[in-house]
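Working notes, structure below.
Just so it is clear, the structure is predicted and the values come from calculations on it, not from any experiment. Atom set for the values below is all heavy atoms of this structure, side chains included, hydrogens, waters and symmetry mates excluded.
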Amino acid sequence: MPERESPSALKEPRLVVKKFLARPQPEGVGAVVRRSIGRFELKYFDPFLALDEFSVTAPAGFPDHPHRGFETVTYMLQGAVTHEDFEGHKGTIGAGDLQWMTAGRGIVHSEMPAAQGTQKGLQLWINLSSKYKMIEPRYQEMLSKDIAETVKDGIKVRVIAGEALGTESPIYTRTPTMYLDFTLKPGAHLQQPIPISWNAFVYILEGEGIFGNPKSQPSTSHHLLLLGTGDGLEAWNKSSKLLRFILVGGQPLGEPLVQFGPFVMNTQEEIDQTIDDFENCTNGFEKAKHWSSEAVIGFDF
(Lines give C-alpha, C1' and ligand atoms only; values in the text may rest on other atoms or scores of the structure.)
Protein backbone atom coordinates (compact mmCIF):
# COMPACT_ATOMS: atom_id res chain seq x y z
CA MET A 1 0.00 0.00 0.00
CA PRO A 2 1.49 3.41 -0.91
CA GLU A 3 2.19 5.87 1.86
CA ARG A 4 -0.46 8.55 2.25
CA GLU A 5 1.60 10.74 4.52
CA SER A 6 5.18 11.87 4.04
CA PRO A 7 7.40 11.93 7.14
CA SER A 8 8.22 15.53 6.28
CA ALA A 9 4.53 16.46 6.57
CA LEU A 10 4.77 17.53 10.24
CA LYS A 11 4.66 21.29 10.61
CA GLU A 12 3.89 21.49 14.33
CA PRO A 13 5.06 18.44 16.29
CA ARG A 14 3.20 17.91 19.55
CA LEU A 15 5.07 18.51 22.78
CA VAL A 16 4.64 16.56 26.01
CA VAL A 17 2.46 18.68 28.32
CA LYS A 18 2.05 16.21 31.22
CA LYS A 19 3.84 13.07 32.31
CA PHE A 20 2.66 10.40 34.78
CA LEU A 21 4.24 7.25 36.16
CA ALA A 22 1.63 4.48 36.34
CA ARG A 23 2.20 2.70 39.66
CA PRO A 24 0.91 -0.81 40.46
CA GLN A 25 -2.44 -1.06 42.29
CA PRO A 26 -4.85 -3.95 43.05
CA GLU A 27 -7.84 -4.44 40.75
CA GLY A 28 -10.42 -7.13 40.07
CA VAL A 29 -9.83 -10.24 42.20
CA GLY A 30 -6.12 -10.53 42.91
CA ALA A 31 -5.00 -8.76 39.73
CA VAL A 32 -2.56 -5.85 39.56
CA VAL A 33 -2.87 -2.90 37.18
CA ARG A 34 -0.84 0.16 36.38
CA ARG A 35 -3.55 2.77 35.72
CA SER A 36 -2.54 5.90 33.86
CA ILE A 37 -5.89 7.29 32.67
CA GLY A 38 -8.84 7.00 35.05
CA ARG A 39 -6.75 7.83 38.12
CA PHE A 40 -7.05 10.74 40.54
CA GLU A 41 -4.74 13.07 38.58
CA LEU A 42 -6.31 12.24 35.21
CA LYS A 43 -9.87 10.99 35.47
CA TYR A 44 -10.74 11.54 31.80
CA PHE A 45 -8.85 12.48 28.64
CA ASP A 46 -11.69 12.84 26.14
CA PRO A 47 -12.60 10.36 24.65
CA PHE A 48 -10.44 8.03 26.81
CA LEU A 49 -11.82 6.84 30.15
CA ALA A 50 -9.09 4.49 31.34
CA LEU A 51 -5.82 2.87 30.39
CA ASP A 52 -4.58 -0.09 32.42
CA GLU A 53 -1.44 -2.14 32.00
CA PHE A 54 -2.59 -5.32 33.74
CA SER A 55 -0.82 -8.30 35.24
CA VAL A 56 -2.79 -11.34 36.40
CA THR A 57 -1.92 -14.88 37.49
CA ALA A 58 -4.53 -17.60 38.07
CA PRO A 59 -6.66 -17.92 40.08
CA ALA A 60 -6.76 -14.10 40.11
CA GLY A 61 -8.64 -12.27 37.36
CA PHE A 62 -11.63 -10.18 36.44
CA PRO A 63 -14.74 -12.30 37.14
CA ASP A 64 -18.30 -11.49 36.03
CA HIS A 65 -18.88 -7.73 35.80
CA PRO A 66 -21.08 -5.39 33.72
CA HIS A 67 -20.41 -2.53 31.30
CA ARG A 68 -22.55 0.05 29.54
CA GLY A 69 -21.89 3.11 27.38
CA PHE A 70 -18.33 2.65 26.10
CA GLU A 71 -15.82 0.35 24.41
CA THR A 72 -13.02 -1.76 25.88
CA VAL A 73 -9.90 -2.54 23.86
CA THR A 74 -7.80 -5.43 25.18
CA TYR A 75 -4.34 -5.92 23.66
CA MET A 76 -2.32 -8.84 25.01
CA LEU A 77 1.41 -8.51 25.63
CA GLN A 78 2.12 -11.87 27.32
CA GLY A 79 0.16 -15.03 28.08
CA ALA A 80 -3.55 -15.39 27.33
CA VAL A 81 -6.95 -14.31 28.66
CA THR A 82 -10.34 -15.94 28.09
CA HIS A 83 -13.36 -13.70 27.65
CA GLU A 84 -16.90 -14.98 28.21
CA ASP A 85 -20.22 -13.10 28.28
CA PHE A 86 -23.95 -13.58 28.78
CA GLU A 87 -24.60 -13.45 25.02
CA GLY A 88 -22.76 -16.76 24.64
CA HIS A 89 -19.64 -15.20 23.18
CA LYS A 90 -16.43 -16.86 24.35
CA GLY A 91 -12.88 -16.65 23.11
CA THR A 92 -9.25 -16.60 24.13
CA ILE A 93 -6.73 -13.98 23.07
CA GLY A 94 -2.98 -14.56 23.39
CA ALA A 95 0.15 -12.45 23.07
CA GLY A 96 -0.24 -9.90 20.28
CA ASP A 97 -3.98 -10.57 19.85
CA LEU A 98 -6.67 -7.91 20.09
CA GLN A 99 -10.27 -7.69 21.24
CA TRP A 100 -12.27 -4.51 20.56
CA MET A 101 -15.53 -4.80 22.48
CA THR A 102 -18.40 -2.33 22.15
CA ALA A 103 -20.41 -2.73 25.34
CA GLY A 104 -23.19 -0.45 24.11
CA ARG A 105 -26.48 -0.90 25.99
CA GLY A 106 -25.09 -3.60 28.22
CA ILE A 107 -22.88 -6.61 28.64
CA VAL A 108 -21.87 -8.79 31.57
CA HIS A 109 -18.62 -10.66 31.03
CA SER A 110 -15.54 -12.18 32.65
CA GLU A 111 -11.88 -11.90 31.71
CA MET A 112 -9.76 -14.64 33.25
CA PRO A 113 -6.24 -16.05 32.75
CA ALA A 114 -6.06 -18.87 30.23
CA ALA A 115 -2.43 -19.91 30.59
CA GLN A 116 0.15 -20.73 33.24
CA GLY A 117 2.26 -17.95 34.71
CA THR A 118 1.55 -14.25 34.51
CA GLN A 119 -0.67 -12.76 31.80
CA LYS A 120 0.04 -9.17 30.80
CA GLY A 121 -1.71 -6.73 28.54
CA LEU A 122 -3.26 -3.33 28.04
CA GLN A 123 -6.91 -2.40 28.36
CA LEU A 124 -8.15 0.93 27.04
CA TRP A 125 -11.66 2.28 27.67
CA ILE A 126 -13.03 4.56 24.94
CA ASN A 127 -16.16 6.62 25.53
CA LEU A 128 -19.08 6.44 23.11
CA SER A 129 -21.09 9.38 21.88
CA SER A 130 -24.60 9.71 23.33
CA LYS A 131 -26.06 8.47 20.02
CA TYR A 132 -24.15 5.17 20.32
CA LYS A 133 -24.34 4.44 24.06
CA MET A 134 -27.39 2.19 23.76
CA ILE A 135 -26.46 0.25 20.62
CA GLU A 136 -26.27 -3.54 20.65
CA PRO A 137 -22.98 -5.01 21.92
CA ARG A 138 -20.48 -6.15 19.29
CA TYR A 139 -16.95 -7.53 19.03
CA GLN A 140 -14.00 -7.16 16.72
CA GLU A 141 -11.30 -9.72 17.43
CA MET A 142 -8.01 -10.03 15.60
CA LEU A 143 -5.22 -12.56 15.97
CA SER A 144 -1.67 -11.27 16.15
CA LYS A 145 -0.86 -12.64 12.69
CA ASP A 146 -3.70 -10.61 11.19
CA ILE A 147 -2.77 -7.23 12.71
CA ALA A 148 -1.35 -4.95 10.04
CA GLU A 149 2.40 -4.51 10.54
CA THR A 150 5.15 -2.73 8.65
CA VAL A 151 8.85 -1.93 9.10
CA LYS A 152 10.78 1.06 7.77
CA ASP A 153 14.00 2.88 8.72
CA GLY A 154 14.43 1.06 12.03
CA ILE A 155 10.76 1.52 12.98
CA LYS A 156 8.24 -1.30 13.32
CA VAL A 157 4.59 -0.47 13.78
CA ARG A 158 1.60 -2.69 14.50
CA VAL A 159 -1.48 -0.78 13.34
CA ILE A 160 -4.26 -1.72 15.75
CA ALA A 161 -6.49 1.17 14.65
CA GLY A 162 -5.90 3.98 12.20
CA GLU A 163 -2.93 4.30 9.86
CA ALA A 164 0.86 4.52 10.07
CA LEU A 165 3.73 4.24 7.57
CA GLY A 166 1.20 3.68 4.79
CA THR A 167 -0.47 0.72 6.49
CA GLU A 168 -4.11 0.85 7.60
CA SER A 169 -6.08 -1.23 10.12
CA PRO A 170 -9.45 -2.78 9.20
CA ILE A 171 -10.77 -2.22 12.75
CA TYR A 172 -13.86 0.01 12.79
CA THR A 173 -13.96 2.62 15.54
CA ARG A 174 -17.27 4.34 16.35
CA THR A 175 -15.33 7.03 18.16
CA PRO A 176 -12.63 7.93 15.59
CA THR A 177 -9.44 6.49 17.11
CA MET A 178 -5.84 5.62 16.28
CA TYR A 179 -3.95 2.96 18.25
CA LEU A 180 -0.38 2.26 17.13
CA ASP A 181 2.24 -0.04 18.67
CA PHE A 182 5.72 1.26 17.74
CA THR A 183 9.12 -0.35 18.26
CA LEU A 184 12.13 1.86 17.46
CA LYS A 185 15.63 0.50 17.08
CA PRO A 186 18.53 2.52 18.55
CA GLY A 187 19.02 5.64 16.47
CA ALA A 188 15.55 5.57 14.90
CA HIS A 189 13.51 8.76 14.46
CA LEU A 190 9.71 8.70 14.04
CA GLN A 191 7.36 11.30 12.61
CA GLN A 192 3.72 10.18 12.85
CA PRO A 193 0.83 12.43 11.75
CA ILE A 194 -2.11 12.89 14.14
CA PRO A 195 -5.32 14.75 13.21
CA ILE A 196 -5.01 18.25 14.65
CA SER A 197 -8.39 18.19 16.43
CA TRP A 198 -7.68 14.91 18.27
CA ASN A 199 -6.37 14.30 21.77
CA ALA A 200 -3.37 11.97 21.89
CA PHE A 201 -1.01 10.27 24.33
CA VAL A 202 1.98 7.94 24.48
CA TYR A 203 2.40 5.03 26.91
CA ILE A 204 5.87 3.52 27.11
CA LEU A 205 6.13 -0.27 27.36
CA GLU A 206 9.88 -0.85 27.10
CA GLY A 207 13.10 1.14 26.96
CA GLU A 208 13.46 4.89 26.97
CA GLY A 209 12.68 7.54 24.37
CA ILE A 210 12.62 11.25 23.67
CA PHE A 211 9.28 12.68 22.61
CA GLY A 212 8.19 16.00 21.11
CA ASN A 213 11.42 17.95 21.53
CA PRO A 214 14.83 16.43 20.72
CA LYS A 215 16.34 18.27 23.72
CA SER A 216 13.82 16.95 26.25
CA GLN A 217 14.75 14.41 28.93
CA PRO A 218 14.19 10.72 28.09
CA SER A 219 11.01 9.03 29.34
CA THR A 220 11.02 5.43 30.51
CA SER A 221 8.63 2.47 30.73
CA HIS A 222 5.26 2.73 32.52
CA HIS A 223 5.07 6.49 31.88
CA LEU A 224 2.06 8.12 30.22
CA LEU A 225 2.82 11.22 28.17
CA LEU A 226 -0.03 13.57 27.32
CA LEU A 227 0.62 15.37 24.06
CA GLY A 228 -0.28 18.99 23.38
CA THR A 229 -1.61 20.51 20.17
CA GLY A 230 -0.02 19.96 16.79
CA ASP A 231 -0.18 17.80 13.68
CA GLY A 232 1.85 14.80 14.80
CA LEU A 233 4.35 13.09 17.07
CA GLU A 234 8.12 13.09 16.79
CA ALA A 235 10.05 10.49 18.78
CA TRP A 236 13.71 9.50 18.98
CA ASN A 237 15.46 6.44 20.37
CA LYS A 238 18.87 7.76 21.41
CA SER A 239 19.54 4.79 23.72
CA SER A 240 21.32 1.50 23.01
CA LYS A 241 18.19 -0.64 23.52
CA LEU A 242 14.83 -1.06 21.82
CA LEU A 243 12.10 1.49 22.56
CA ARG A 244 8.49 0.26 22.49
CA PHE A 245 5.44 2.42 23.09
CA ILE A 246 1.85 2.85 22.04
CA LEU A 247 0.55 6.06 20.48
CA VAL A 248 -3.19 6.52 20.95
CA GLY A 249 -5.30 9.37 19.65
CA GLY A 250 -9.01 10.04 19.42
CA GLN A 251 -11.56 12.63 18.42
CA PRO A 252 -12.94 14.34 21.55
CA LEU A 253 -16.69 13.92 22.04
CA GLY A 254 -17.18 17.16 23.97
CA GLU A 255 -20.23 15.75 25.77
CA PRO A 256 -21.21 15.68 29.46
CA LEU A 257 -19.85 12.66 31.30
CA VAL A 258 -21.23 10.85 34.34
CA GLN A 259 -19.47 7.64 35.39
CA PHE A 260 -20.39 5.12 38.04
CA GLY A 261 -17.76 2.39 37.97
CA PRO A 262 -18.37 0.29 34.83
CA PHE A 263 -21.28 2.46 33.64
CA VAL A 264 -20.57 5.61 31.59
CA MET A 265 -23.44 7.84 30.48
CA ASN A 266 -24.19 11.53 29.90
CA THR A 267 -26.47 12.35 32.85
CA GLN A 268 -27.05 11.22 36.42
CA GLU A 269 -30.58 10.18 35.44
CA GLU A 270 -29.13 7.81 32.83
CA ILE A 271 -26.75 6.36 35.42
CA ASP A 272 -29.66 5.85 37.85
CA GLN A 273 -31.59 4.12 35.07
CA THR A 274 -28.58 1.94 34.23
CA ILE A 275 -28.21 0.81 37.85
CA ASP A 276 -31.92 0.02 37.93
CA ASP A 277 -31.66 -1.89 34.63
CA PHE A 278 -28.73 -3.94 35.90
CA GLU A 279 -30.27 -4.71 39.29
CA ASN A 280 -33.57 -5.75 37.69
CA CYS A 281 -32.05 -7.47 34.62
CA THR A 282 -33.96 -5.26 32.16
CA ASN A 283 -33.30 -3.04 29.11
CA GLY A 284 -30.21 -4.87 27.86
CA PHE A 285 -29.31 -6.83 30.98
CA GLU A 286 -32.07 -9.48 30.74
CA LYS A 287 -29.66 -12.36 30.22
CA ALA A 288 -27.71 -11.51 33.38
CA LYS A 289 -30.51 -12.98 35.51
CA HIS A 290 -29.60 -16.62 34.91
CA TRP A 291 -25.98 -16.40 33.74
CA SER A 292 -22.64 -17.06 35.37
CA SER A 293 -19.39 -17.58 33.53
CA GLU A 294 -17.59 -20.91 33.49
CA ALA A 295 -14.62 -19.04 34.94
CA VAL A 296 -16.55 -18.15 38.09
CA ILE A 297 -17.80 -21.73 38.43
CA GLY A 298 -14.32 -23.13 37.86
CA PHE A 299 -12.27 -20.85 40.08
CA ASP A 300 -12.21 -20.75 43.84
CA PHE A 301 -12.11 -17.11 44.89
Student check: side-chain heavy atoms of Phe245 and Leu205 closer than 4.5 Å: no
Side-chain donor/acceptor of Arg158 to backbone N/O of Gly96, under 3.5 Å: yes
Between His222 and Glu206: side-chain donor-acceptor atoms closer than 3.5 Å: no
Side chains of Gln78 and Thr118 in contact at under 4.5 Å (non-hydrogen atoms): yes
Partner of Asn127 under side-chain contact (heavy atoms from CB on, under 4.5 Å), chosen from Thr175, Asn266, Leu49: Leu49
Gln140 side-chain N/O to Tyr172 backbone N/O, donor-acceptor pair under 3.5 Å: yes
Phe20 side, atom CZ; His223 side, atom NE2 - distance, nearest 0.5 Å: 10.5 Å
Any donor-acceptor N/O pair, Glu286 side chain to Gly284 backbone, under 3.5 Å: yes
Verify same cluster id: Leu42, Leu257 (apolar side-chain graph, 4.5 Å): no
Salt bridge (charged side-chain N to carboxylate O under 4.0 Å, His left out) assessment of Glu53 paired with Lys120: CA-CA 7 Å; Glu53 179 184 0; Lys120 295 182 178 181; over 6 Å; no
Sub-4.5 Å side-chain heavy-atom contact between Trp291 and Ser293: yes
Donor-acceptor under 3.5 Å (Ser129 side chain, Tyr132 main chain): no
Polar contact flag, side-chain donor to acceptor under 3.5 angstrom, Glu84-His109: no
Phe54 vs Thr74 side-chain heavy atoms within contact, under 4.5 Å: yes
Six-ring centre of Phe263, Arg68 cation under 6.0 angstrom, axis tolerance 45°: no
Backbone of Leu184 reached by a side-chain donor or acceptor of Asn237 within 3.5 Å: yes
Basic-acidic side-chain contact under 4.0 Å: Arg34, Asp52: no
Between CZ on residue Phe182 and CG on residue Leu242, distance to nearest 0.5 Å: 15.0 Å
Under 3.5 Å: donor-acceptor pair, side chain of Asp64, backbone of Ser110: no
Stepwise side chain to side chain contact (heavy atoms under 4.5 Å, CB included) test for Lys156 and Thr150: CA-CA 6 Å; Lys156 181 179 82 171; Thr150 191; over 6 Å; no
Sub-4.5 Å side-chain heavy-atom contact between Arg14 and Ile194: yes
Straight-line distance of Phe211 CZ to Phe201 CZ, nearest 0.5 Å: 12.5 Å
Gap separating the CD1 atom of Ile210 from the NZ atom of Lys215, nearest 0.5 angstrom: 12.0 Å
Residue pair Gln192 / Glu234, side-chain donor-acceptor N/O under 3.5 Å: no
Value rounded to 0.5 Å, distance of NZ in Lys43 from CD in Gln259: 9.0 Å
Geometric class of the His189/Trp236 ring pair [parallel <30°, tilted 30-60°, perpendicular >60°]: parallel
Contact check, side chains of His89 and Met101, non-hydrogen atoms, under 4.5 Å: no
Lys90 and Thr82 side chains, donor-acceptor separation under 3.5 Å: no
Non-hydrogen side-chain atoms of Ile246 and Leu122 separated by less than 4.5 Å: yes
Value rounded to 0.5 Å, distance of OG1 in Thr72 from CD in Gln123: 5.0 Å
Test of ring centre spacing under 6.0 Å for Tyr139 and His83: yes
Test: Asp85 and Lys287 ion pair at under 4.0 Å: no
Under 3.5 Å side-chain donor-acceptor pair for Ser197 and Gln251: no
Any donor-acceptor pair under 3.5 Å from Asn280 side chain to Asp276 backbone: yes
Validation row: Val73, Thr177 side chains within 4.5 angstrom (heavy atoms): no
Under 3.5 Å side-chain donor-acceptor pair for Glu208 and Ser239: no
Salt bridge Glu27-Arg35, side-chain N to carboxylate O under 4.0 Å: yes
Test of ring centre spacing under 6.0 Å for Phe70 and His67: yes
Side-chain donor/acceptor of Ser169 to backbone N/O of Ile160, under 3.5 Å: yes
Donor-acceptor pair between Asp97 and Ser144 side chains, under 3.5 angstrom: no
